[in-house]
Undergrad: 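There's a structure below that I have some questions on.
Since we're looking at a predicted model, the values are computed, not measured. Positions are given from 1 along the sequence.
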Amino acid sequence: MFRLWGKIWKSNHLIKDTVAVEDSSDTRTHKVFHCLSQICLNFDLEQPIWLDSNIKDFQRIGKTRFRQDNFIEEIPFDYLEIQIIEEDS
């Protein structure tokens, strides 16, 4: 099972959070993208753009933050953070 935790932060306060679950046998990358799609759908957000810094952070620590630079539209929060909380071994 693969679980990704999505959190919306504003002024150092957690505003919303949700957990997306993916139980398929896809690659890790596909699981991350599918879970991120679920999270964005739940929060009624567009898909963020992955910048090099996001990719490096996520590969290194399993966590990254999407700020205004990652979105085309204006966002009413400081950042969207995603973090792996369970991964198939």
Side-chain angles (χ1 to χ4, degrees):
M1 181 183 301
F2 184 86
R3 297 189 318 154
L4 192 68
W5 189 12
K7 301 174 265 187
I8 290 183
W9 293 88
K10 183 171 176 109
S11 303
N12 293 324
H13 287 71
L14 179 64
I15 304 299
K16 294 182 190 176
D17 72 322
T18 188
V19 174
V21 178
E22 180 63 35
D23 227 356
S24 70
S25 59
D26 276 342
T27 64
R28 181 180 193 241
T29 303
H30 286 128
K31 290 178 184 180
V32 169
F33 287 139
H34 186 260
C35 286
L36 181 57
S37 292
Q38 289 178 32
I39 290 168
C40 289
L41 187 63
N42 190 323
F43 290 153
D44 192 28
L45 289 175
E46 63 176 299
Q47 290 282 331
I49 299 166
W50 286 79
L51 302 176
D52 289 340
S53 59
N54 298 110
I55 295 168
K56 288 176 187 172
D57 285 346
F58 199 77
Q59 288 173 337
R60 193 167 42 92
I61 59 174
K63 177 179 175 177
T64 192
R65 292 178 177 173
F66 297 106
R67 301 178 188 283
Q68 181 60 61
D69 291 348
N70 300 96
F71 293 93
I72 295 170
E73 297 174 353
E74 193 72 28
I75 56 172
F77 51 86
D78 294 335
Y79 57 87
L80 166 65
E81 181 177 87
I82 59 170
Q83 178 180 359
I84 294 174
I85 55 176
E86 184 178 346
E87 189 169 10
D88 303 326
S89 34

Undergrad: Specify the closest pair of heavy atoms between L80 and L45, including all atoms of both residues, with the distance to one decimal.
TA: CD2-CD1, 4.2 Å
Undergrad: Work out which heavy atom in C35 is nearest to a heavy atom in E22; give both atom names and the distance.
TA: SG-CB, 3.6 Å
Undergrad: Report the distance from atom NZ of K16 to atom NZ of K10, rounding to the nearest 0.5 Å.
TA: 12.0 Å
Undergrad: Please give me the minimum heavy-atom distance between G6 and I82, naming the atom from each residue.
TA: CA-CG2, 4.4 Å
Undergrad: Determine the minimum heavy-atom distance between L14 and K7, stating which atoms define it.
TA: CD1-CB, 3.5 Å
Undergrad: Please enumerate all residues that pass side chain to side chain contact (heavy atoms under 4.5 Å, CB included) together with L51, with sequence neighbours excluded.
TA: I49, S53, N54, D69, N70
Undergrad: Do E46 and I72 make a side-chain contact, defined as non-hydrogen atoms from C-beta onward lying under 4.5 Å apart?
TA: yes
Undergrad: If we only count heavy atoms from C-beta on, is the F77 to W9 side-chain gap below 4.5 Å?
TA: no
Undergrad: With K63, which residues qualify under side chain to side chain contact (heavy atoms under 4.5 Å, CB included), at least two apart?
TA: I61, E81, Q83
Undergrad: Do the side chains of V21 and F33 join up, straight or via other hydrophobic residues, at under 4.5 Å, putting them in one cluster?
TA: no
Undergrad: I15, I75: one ILVMFWY side-chain cluster at the under-4.5 Å cut-off?
TA: yes
Undergrad: Could you please spell out the steps behind the side-chain contact (heavy atoms from CB on, under 4.5 Å) verdict for L41 and Q38?
TA: CA-CA 5 Å; L41 187 63; Q38 289 178 32; 5.7 Å; no
Undergrad: Is it the case that one hydrophobic cluster holds both L36 and V19, taking links as side-chain heavy atoms less than 4.5 Å apart, direct or via other members?
TA: no
Undergrad: At their closest point, which heavy atom of R28 faces which heavy atom of G62, and how far apart are they?
TA: NH2-CA, 4.5 Å
Undergrad: Establish whether I85 and F43 are linked, either directly or via other cluster members, by ILVMFWY side-chain heavy-atom contacts under 4.5 Å.
TA: no
Undergrad: If you measure from CD1 on I55 to CZ on R60, what distance do you get to the nearest 0.5 Å?
TA: 13.5 Å
Undergrad: Between E86 and R3, does at least one N-O distance fall below 4.0 Å, as a salt bridge requires?
TA: yes
Undergrad: Would you say that more than 12 heavy atoms from the other residues, nucleotides or ligands in this model lie under 6.0 Å from the CH2 of W5, or not?
TA: no
Undergrad: To the nearest 0.5 Å, tell me how far D26 CG sits from F2 CZ.
TA: 11.0 Å
Undergrad: Is a side-chain N or O of Q68 found less than 3.5 angstrom from the main chain of E73, in a donor-acceptor match?
TA: yes
Undergrad: Would you say W50 ends up clustered with Y79 if hydrophobic residues are merged whenever their side chains have heavy atoms under 4.5 Å apart, either directly or through other cluster members?
TA: no
Undergrad: Working to the nearest 0.5 Å, report the span between NZ of K56 and OG1 of T64.
TA: 12.0 Å
Undergrad: Can you tell me if H34 and S37 form a side-chain donor-acceptor pair at under 3.5 Å?
TA: no
